[in-house]
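Here is the structure we will look at, set down as structure tokens.
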Amino acid sequence: MTREEIIEKVATTLSEEFEVEQEVITPDAVIYDTLQLDSLSLVDLVAVVQYTFKVKIPVSDLPSVKTFNDLYDYIESHQ
Amino acid sequence: MTTSRAISKIEELIPQRSPIMMVDELLEVVGDECTCRLVVREDNFFLEEDGMMAEPGVIEHIAQSASAFAGYRAVADGATEPPVGYIGEVKNFRLNRRPRLGDVLDTTICMGATVGGVTIITGTTLAGQETIAETQMKIFVRED
Amino acid sequence: MSEERAEGLSAKFHLAILPECTVYNGHFPGDPVCPGVCNIETIKECAILLAGEQLRYSAIRQCRLTALATPTVCPEVDVQIVLSPAANGYGVQATISDEKQTYMILKGQLDKA
């Protein structure tokens, strides 16, 4: 997947899963705040990325994935 | 990891006790999937006057099946007591019909990602070949 | 159990949690915790009172158990419930809370029995 395809797929998938507008998913936006994550829904993010991109984000890596740009980088480098 | 049928006593795998034990046996474990069984008997906590199980009973049965799987894994890792798990979320639960007295419920649990003590599972309950219910769930396992 | 009825099909119920309920013998021994599924059943029973007819869950879109409910943590709770007409019955949105916190948020479908 190209980076553009990753960005597009992240926007469509996460906006549907977390019921937010695609427009709020921007490169510098903080994922936790934008998707209003909490302890229960954080695992959804990991599961959706794993299911959609076949990329598993270990718990230890989560702190380094703060913004959507970080997420694009992470998926791109772990495909 | 494939294991034989009827894995240890259910009391060793789940913390729940009478009157709300909603799994009889952990039958089989294959990788991230397991199968558990419950026979719907007269003394079932969720049995209603019409001889059918109330819908929340099916959810509890699926949750305890996931709990049995978590217990099985904890015991395999050396735990002496089954972990206490709570339902954190039920999502996309669909019930086709309520189980009735005498039904043998076989539930397949698929264990998904775990983050911060919260594990995603999917559960499908069959009575014979008939699908009774399906759901996603999040189980929060308390660290003692 | 008390009930305040509002327009349409919504209401607020106030109810006490019974510490002597037998379920706490097994959930869990020496550590009574309200089973989440019993709170799901409580919402259904409130819906039945509100709608005035027998109802059963056919689907639960999402039910979040946001805090641990026990007979000591929350001896009394409020159930806020809204029923909206839907095919075969009602869509249900409900919360269980007290003045401290929210214990459950549920969105589901209740069919006429």
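A, B, ... follow the sequence lines: proteins, then strands. Residue 1 opens every chain.
For a residue to count as touching a neighbouring chain, one of its non-hydrogen atoms must lie under 4.5 Å from one of that chain's; by this rule B:R97 does not touch chain C. Looking at C:N39, there are no atoms closer than 4.5 Å to chain B (heavy atoms on both sides), in backbone or side chain. For C:L68, the part lying near chain B is the side chain, with the backbone staying farther off; criterion is any non-hydrogen pair under 4.5 Å. Residue C:K44 touches chain B through its side chain alone, counting heavy-atom pairs closer than 4.5 Å. Of the two parts of B:I59, the backbone and the side chain both hold a non-hydrogen atom closer than 4.5 Å to a non-hydrogen atom of chain C. Using a 4.5 Å cut-off between heavy atoms, B:E48 touches chain C through its side chain atoms alone.
Smallest separation of non-hydrogen atoms from B:P56 and C:I40: CG-CG2, 4.2 Å. B:P19 approaches C:T22 most closely through the heavy-atom pair CD-O, 3.3 Å. In plain terms, the two heavy atoms of B:G85 and C:F28 that are nearest each other are O-CZ, 4.0 Å. The shortest heavy-atom contact between B:I20 and C:P35 is CD1-CG, 4.0 Å. Nearest heavy-atom pair across B:L95 and C:Y57 is CD2-O, 3.7 Å.
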One pair to check against side-chain hydrogen bond (donor to acceptor under 3.5 Å, both in side chains): C:R61 and B:N92. What are the steps and the verdict?
CA-CA 5 Å; C:R61 161 86 184 84; B:N92 301 329; 3.3 Å; yes
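For B:E130, the CD atom is densely surrounded, since the number of other residues' heavy atoms within 6.0 Å is greater than 12. Within 6.0 Å of CD in B:Q129 there are 12 or fewer heavy atoms belonging to other residues, nucleotides or ligands.
Looking only at side-chain heavy atoms (C-beta outward), B:V90 and C:Q62 stay at 4.5 Å or farther from each other. Using a 4.5 Å heavy-atom threshold, the side chains of B:E60 and C:H27 count as touching. Using a 4.5 Å heavy-atom threshold, the side chains of C:N25 and B:S18 count as separate. With a 4.5 Å cut-off on side-chain heavy atoms, B:F140 and C:L65 do not count as touching.
Under the 4.0 Å criterion applied to side-chain N and carboxylate O atoms, B:D50 and C:R56 are assigned as salt-bridge partners.
Rounding to the nearest 0.5 Å places CD of B:E55 at 8.0 Å from CD1 of C:I60. A distance of 10.0 Å separates CG in B:N96 from OG in C:S58, rounded to the nearest 0.5 Å.
With respect to chain C, the highest number of heavy-atom pairs below 4.5 Å among B:M137, B:Q16, B:R94, B:K138 belongs to B:Q16.
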